[in-house]
Amino acid sequence: MTGAAHAPLTGVIGWAPYRLALSGGWIDQPFVSTHNPDPPGSMVVVSLVPNVRFMERAGMATGTRKAMLKLWPRGIPDRPLADLVRELYYAENEGRPDPSGSQDMIGLLYPGISRLDYDVRVHGGVFPAHVETVTDLGVCHWLESVVHLIPVCQRPPGYNPLDVKRISPAMVASLGHSGRACFEAILAQDTAALGKAFNDTMECWRALLPCVFEHPTLELDLWALLRWYQSRYPGAGYSGCGGGYLVVISEQPVPGAFRCTIRCA
C-alpha cells in the first residue's frame with residue numbers, strides 16, 4: 001500500500017470536528033425562544049470525530065466548520081470554550097441577515113454530548129444560559145450504538161426554511177421540552193425515550209416552520225419518508241432543514257445506515 005493510503009482523512013477534509021444536532025433544534029434562535037412561556041428551552045448537540053466527510057447543506061454545521069478551519073487552521077486554541085464560541089459566532093455571522101445559531105459553534109467546540117439551555121432573558125437568547133456536557137465513554141458509546149444515519153439529500157438552491165413561520169408559545173415550549181427529554185434519555189440510556197424526543201422535535205418543527213418539510217424547491221416528500229421510519233423504529237428525525245441525514249434511533253441495525261463516532265475529549 002502507498003503512503004497516501006495511510007494518511008488520515010483529516011489531511012483531506014481538515015482537522016475540525018462535525019456537529020450533529022439531536023432534539024430541540026431551532027430553540028437557539030431568538031425569534032423562537034422569545035416566545036417560550038417556560039424558559040429555558042433545551043436542545044442537544046454532539047461533537048463528531050471527522051472520520052467521514054459529511055454532505056454540505058445537510059445540517060451538519062459544515063458552514064461553521066469552514067469558518068472554524070479558516071479562523072484556527074492549527075486546531076482549537078487553548079482558551080475558554082465559551083469565549084471561542086463567541087469568537088467563532090461573530091466570525092461566521094458578520095453581516096448575515098439570518099445568522100447561524102450558536103448551537104453550531106458549541107457542537108463543534110465542546111466535546112461529547114451537550115445540552116444547551118436557551119433563555120431570551122440571558123444573552124438575548126443568542127448564547128445559552130447554561131451548557132451541560134457529558135463526555136463519559138459509556139454514555140457516548142451507548143449513543144453511538146443507537147444512532148444510525150441515512151443520507152437523504154442536500155438543501156437545494158433557493159430553499160429557505162424560514163419562508164413560513166407559525167410561531168406559537170405552546171409549540172415553542174414543547175420544542176424546548178423535547179431537548180431536555182432527549183438529554184435525560186441519553187443519560188438513562190433509554191432508547192424508547194430518546195426516540196420519542198426525536199419524534200416530538202419533528203412535530204414541533206412541522207408546526208412552527210412547515211417549510212422544513214414542504215417547500216417548492218424540495219422534490220422529495222420528507223415527511224412521508226420520516227413517518228415510514230418512525231413507524232418502524234423508536235424514533236427518527238432529520239439532521240437539518242430540507243433533509244440532510246435521516247437520524248434513526250434503534251438498537252437494531254438499520255439498512256443503508258452508518259454510525260458516527262463521538263469526540264469524547
Side-chain angles (χ1 to χ4, degrees), residues 16-36 39-48 54 56-68 71 81-110 113-133 155 159-165 167 171-180 182-183 197-198 201-202 204-209 211-212 237-245 247:
Y18 286 93
R19 185 276 291 122
L20 176 65
L22 302 184
S23 296
W26 285 107
I27 202 70
D28 65 323
Q29 291 284 355
F31 78 83
V32 175
S33 64
T34 192
H35 298 282
N36 191 356
S42 302
M43 67 171 299
V44 179
V45 293
V46 180
S47 187
L48 301 182
F54 286 95
E56 305 285 338
R57 296 178 59 81
M60 303 301 294
T62 54
T64 306
R65 185 176 184 270
K66 288 179 180 178
M68 186 180 196
L71 187 62
L81 292 179
D83 294 346
L84 298 179
V85 166
R86 285 164 172 75
E87 184 176 345
L88 181 55
Y89 178 90
Y90 291 117
E92 181 184 3
N93 287 321
E94 183 178 4
R96 293 180 58 175
D98 297 314
S100 298
S102 59
Q103 57 113 335
D104 289 349
M105 298 80 195
I106 296 169
L108 294 175
L109 285 163
Y110 281 66
I113 307 157
S114 297
R115 189 194 75 223
L116 320 180
D117 301 332
Y118 287 90
D119 186 334
V120 75
R121 299 168 299 183
V122 182
H123 311 302
V126 173
F127 301 106
H130 177 70
V131 177
E132 189 75 23
T133 297
R155 297 189 301 274
Y159 171 80
N160 186 351
L162 304 181
D163 278 351
V164 178
K165 298 177 183 177
I167 308 300
M171 293 308 299
V172 172
S174 295
L175 181 66
H177 293 162
S178 74
R180 184 167 293 274
C182 173
F183 194 72
F198 267 71
T201 289
M202 293 297 102
C204 292
W205 282 14
R206 193 184 192 205
L208 295 165
L209 300 168
C211 289
V212 167
Y238 286 106
S239 62
C241 300
Y245 293 85
V247 185

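This is a predicted model, so every value here is computed, not measured.
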Subject >> Ser114 side chain to Thr133 backbone, donor-acceptor under 3.5 Å >> reply: no
Subject >> Pair Glu132 + Arg180: basic N to acidic O under 4.0 Å >> reply: no
**OP:** State the CD1-CG distance between Ile27 and Leu175, to the nearest 0.5 angstrom.
**Re:** 4.5 Å
Subject >> side chain to side chain contact (heavy atoms under 4.5 Å, CB included) between Val32 and Lys165, intermediate numbers included >> reply: CA-CA 10 Å; Val32 175; Lys165 298 177 183 177; over 6 Å; no
Original post:
With distance as the sole test, does Arg121 use its side chain to make a donor-acceptor pair with the main-chain N or O of Pro40 at under 3.5 Å?
Top reply: no
Original post:
Looking at side-chain heavy atoms only, is the closest gap between Tyr110 and Val85 below 4.5 Å?
Top reply: yes
Original post:
Side chain of Tyr159, backbone of Cys211: donor and acceptor closer than 3.5 Å?
Top reply: yes
Original post:
Which value, rounded to the nearest 0.5 Å, describes the distance between Leu88 atom CG and Arg65 atom CZ?
Top reply: 12.0 Å
Original post:
How about Pro30 and Val126: do any of their side-chain heavy atoms sit closer than 4.5 Å?
Top reply: yes
**OP:** Compare all side-chain heavy atoms of Ser23 with those of Met43 and state whether any distance is below 4.5 angstrom.
**Re:** no
Original post:
Is there side-chain contact between Tyr118 and Phe127, with heavy atoms separated by less than 4.5 Å?
Top reply: no
**OP:** Determine yes or no for a side-chain-to-main-chain donor-acceptor pair under 3.5 angstrom, with Trp205 supplying the side chain and Gly25 the backbone.
**Re:** yes
Original post:
Among side-chain atoms of Ser47 and Tyr18, is any donor-acceptor pair under 3.5 angstrom?
Top reply: no
Subject >> Which atom of Leu108 lies closest to which atom of Pro17, heavy atoms considered >> reply: CD2-O, 3.1 Å
Subject >> Approximate separation, where rounding is to 0.5 Å, of Cys204 SG and His177 NE2 >> reply: 10.0 Å
Original post:
Are the side chains of Phe198 and Ser178 in touch, meaning some heavy atoms are under 4.5 Å apart?
Top reply: no
Subject >> Non-neighbouring partners of Ser100 that pass side-chain contact (heavy atoms from CB on, under 4.5 Å), sequence neighbours left out >> reply: Thr64, Glu92, Asn93, Arg96, Asp104, Met105
**OP:** Return yes if some donor-acceptor pair links the side-chain N/O of Gln29 with the main-chain N/O of Asp98 below 3.5 Å, else return no.
**Re:** no
Subject >> Trp26 side, atom CH2; Leu209 side, atom CG - distance, nearest 0.5 Å >> reply: 5.5 Å
**OP:** Begin from the C-alpha positions of Asp28 and Leu116 and carry the test side chain to side chain contact (heavy atoms under 4.5 Å, CB included) through to its verdict.
**Re:** CA-CA 8 Å; Asp28 65 323; Leu116 320 180; 5.9 Å; no
**OP:** Indicate yes or no: at least one non-hydrogen side-chain atom of Pro39 is less than 4.5 angstrom from one of Ser33.
**Re:** no
Subject >> Closest non-hydrogen atom pair between Gly59 and Arg19, with its separation >> reply: O-NH1, 2.7 Å
Subject >> Test of ring centre spacing under 6.0 Å for Tyr245 and Phe54 >> reply: yes
Original post:
Do side-chain atoms of Arg57 reach the backbone of Arg155 as a donor and acceptor pair under 3.5 angstrom?
Top reply: yes
Subject >> Side-chain donor-acceptor contact under 3.5 Å, Asp117 with Ser42 >> reply: yes
